[in-house]
Protein chains: 2
Amino acid sequence: MQKKNSATIYDVAHRVGVSLATVSRVVNGNSNVRDSTKRKVLDAIEELGYHPNAVARGLASKKTTTIGVVMPDITDVYYSELARGIDDVANMYHYDVLLTNTDEDPVRETMAVNNLASKQVDGIIFMGNELDHEVVNTISGVNAPVVLAGSVDSEKKLPSVNIDYVEAIKEAMEAVIKNGHDRVAIVTGPVEHAINGMHRLVGYKKALEEAQIEFDDSLLFSTHQDYAAGLQVAEKILATGATAALTYDDEVAVGIMNYLRDHGKKIPEDFEIITSNDTKFTIITRPQVTSIGQPKYDIGAVAMRMLTKLMNNETIELTQVKLPHTLERRGTTLN
Amino acid sequence: MQKKNSATIYDVAHRVGVSLATVSRVVNGNSNVRDSTKRKVLDAIEELGYHPNAVARGLASKKTTTIGVVMPDITDVYYSELARGIDDVANMYHYDVLLTNTDEDPVRETMAVNNLASKQVDGIIFMGNELDHEVVNTISGVNAPVVLAGSVDSEKKLPSVNIDYVEAIKEAMEAVIKNGHDRVAIVTGPVEHAINGMHRLVGYKKALEEAQIEFDDSLLFSTHQDYAAGLQVAEKILATGATAALTYDDEVAVGIMNYLRDHGKKIPEDFEIITSNDTKFTIITRPQVTSIGQPKYDIGAVAMRMLTKLMNNETIELTQVKLPHTLERRGTTLN
DNA sequence: AATGGCATTGTAAGCGTTTGCAATTTACTG
DNA sequence: CAGTAAATTGCAAACGCTTACAATGCCATT
């Protein structure tokens, strides 16, 4: 049971009969303090139940040992796994995490970043499908390092860690094409978003090109990222005569799958599906969903590690990190 | 594009030719400042790109407009939905959220609470299945209000918001019993945890008693909270001759379901399942899983609202809030 | 024109630490 | 034992803001 009115560094100093500076030194473990006095101070701290006031510390030292995390939605399994990676290494380096949900709204993203700045965070990790120009601007204006996790900025100005989306989608496409499909639907988010237009779609088209299949834009679908959206888009996909689909969201994939099965399609025999995020959803369904494998936790962890270096003013050789991806073959694809 | 070296309140005051106090007053929107000077100050703030330093503010005012959230795992859909409710109303009241994952480790929970205290948070929301005595102690020792969300402390000392677990489980049991089952397995976490031993199990037994069915402790299972655990426990459940199961975790429920179906059981005809958390998992599977319906988002939201009152020193009539639950009948139960 | 009272603004003392620099001790050297 | 370097400590100024309290200005009253 600790005391309600916590003691201050002054109380400790006074009790031991040393100066504030000395107490501060032992608390911060650094510098040279004689062992005997260090012990006395430590004892006093124990007895008084002294806990340093982090706010005062932050003001004096200009470091808060707090980082900000900006994410679309804590409820989204994909992002929450990134966040877990972030949090774990943040703790490892003794940083606390200030969390903000933005629902990918640029306005809220901007506000979040500014707010974090005013809270004097030592660094920021930013997640989100698209980096609005405005958002990039305010990010670069902030007086703290920022790294993107699982997000790309088209100008590649900001440090980031991702997988190679182009390559990943291309490989998924190749796998499907190899299985004999030449009409494969691709469902993503808004094409204006770089990650869709400049990565997913590009990978898709590359695979098409190599297989000498004409691109048909009626096979391109844009949806929300949820189960219901999958259910809805499935019918339209069927109407195009597509026999396979690549999806950017696991819930959407499952929605499509369930719809198709309910309408008499056999999966994977009649229709193949490959999704992108390899979340739990792909495991618990029957059949399980084939997916691009992303080291989600690691993306977060590496991003955070990178941030610690930046905050420490270490120079970083590579600022655009691409982590390896895989193709997890499961029940929605043949062989 | 804002300036890197942000201006201080002093710069603003100096530029306008007023005192710090006046600037502070307009920034805090309060008090009485002549309209003309207020305008001048606002202009200067705009021109200098002044953003108040929240750390300095916190030190001076002893309020950080930050709350701490302690949760088992951000990756767990159940908790992340609570967290979303918390975050939304926190924002509504202009609080930021400091997030900590504990994996339900009492040691880490204690550290987390102490750490948040030293960061001078204005309040804390605590989530976790079990409240270790030690943890309750350090919580009560903290100089900031704390409310539990989706967690019970056996001594009912701490403010909390939950559903009525006893009642909810009892109702689920009754539904299953009514369908003719008299051997229904119950799978929960460690019975030593209050929420299991004192709530879930009690509700289960009550229903049993009313139906005049003898309690058989070989039907009681304790597992981890994941899909694999469900797969594993399923076999044992089958061995007991049980024809239905109540689970405390949705992933476990799905694991059991998939295992049983793979072993030739028809669901719900041969075996009924009711789970507890009504997460997305219960929707995307075929069949969909019948579940107790919990207002997860609301539990978080109400807890946070309660915390704002506490932080504001308002008196609260009811500190043990129970939100209404439902029974979402889906495909793993008959009728 | 003096008086009282409210509205507005300024003064300055904190808030609890950190930290550069100076002062004091202690340890060595010859 | 003087003298100097090294190890310990203390001083006091920040850090950027809030907030009692005091001071000033202004206006209506009488």
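What you see is a predicted model; the values in this text were computed from it and never measured. Per chain, numbering begins at 1; letters A, B, ... match sequence-line order.
Summarising the geometry, the separation between CG on Leu20(A) and C1' on dA14(D) is reported as 14 Å, rounded to the nearest angstrom. For the pair Leu59(A) CG and dG16(C) P, the interatomic distance rounds to 12 Å; values are reported in whole Å. To the nearest angstrom, P of dC17(D) lies 14 Å from NZ of Lys119(A). Here dA7(D) presents its C1' atom at 11 Å from CZ of Arg25(A), a figure rounded to the nearest Å. Here the P atom of nucleotide dT19(D) and the CD1 atom of Ile9(B) are 11 Å apart, to the nearest Å. In this structure, the CG atom of Asp35(A) is 14 Å from the P atom of dA7(D), given to the nearest Å. Rounded to a whole Å, the CG atom of Asn28(A) is 9 Å from the C1' atom of dT17(C). Taking atom NE2 on His14(B) and atom P on dG10(C), their separation rounds to 13 Å, with Å as the unit.
Using a 4.5 Å heavy-atom threshold, the side chains of Asn115(A) and Asp96(B) count as touching.
Residue Tyr50(B) places at least one side-chain N or O under 4.0 Å from the OP1 or OP2 atom of dC17(D). Within the 4.0 Å cut-off from OP1 or OP2 of dT9(D), at least one side-chain nitrogen or oxygen of Thr37(A) is found. At the phosphate of dG16(C), OP1 or OP2 sits under 4.0 Å from a side-chain N or O atom of Lys62(B). Proximity of Arg34(B) to the phosphate of dT8(C): no side-chain N or O atom is located under 4.0 Å from OP1 or OP2. Here Ser61(A) does not reach the OP1 or OP2 of dT18(C): none of its side-chain N or O atoms lies under 4.0 Å away. Distances shown here put every side-chain N or O of Asn53(B) at or beyond 4.0 Å from the OP1 or OP2 atom of dC15(D).
For Met304(A) against Ala90(A), the heavy-atom pair with the smallest separation is CG-N, 3.6 Å. Glu104(A) approaches Pro72(A) most closely through the heavy-atom pair CG-CB, 3.6 Å.
DNA chain C is contacted by both Thr22(B) and Val23(A); Thr22(B) maps to the nucleotide lying nearer its 5′ end (nearest heavy atom per residue). Residues Tyr10(B) and Lys38(A) each lie close to DNA chain D; by heavy-atom proximity, the contact nearer the 5' end of the strand is made by Lys38(A).
Within 4.0 Å (heavy atoms only), Val18(A) reaches sugar-phosphate atoms of the nucleic acid but no base atom. Residue contacts for Ser24(A): at a heavy-atom cut-off of 4.0 Å it reaches a base atom on one of the strands shown.
Salt bridge Asp103(B)/Arg84(A): present, at least one basic N to carboxylate O contact under 4.0 Å.
Under 3.5 Å, the side chains of Ser24(A) and Asn28(A) contain a donor-acceptor pair of N or O atoms. Remark: the Thr64(A) side chain and the Gln120(A) side chain contain no N/O donor-acceptor pair separated by less than 3.5 Å.
Across dT18(D), dG10(D), dT18(C), the shortest atom-to-atom separation from the side chain of Arg57(B) is found for dT18(D). Comparing dG10(C), dG10(D), dG16(C) by their closest approach to the side chain of Ala21(B) singles out dG10(C). For Ala60(B), whose side chain is taken as the heavy atoms from C-beta onward, the closest listed nucleotide among dT9(C), dG16(D), dG16(C) is dG16(D). The nucleotide whose nearest atom lies closest to any side-chain atom of Ala56(B) is, among dG16(D), dG10(D), dC21(D), dG16(D).
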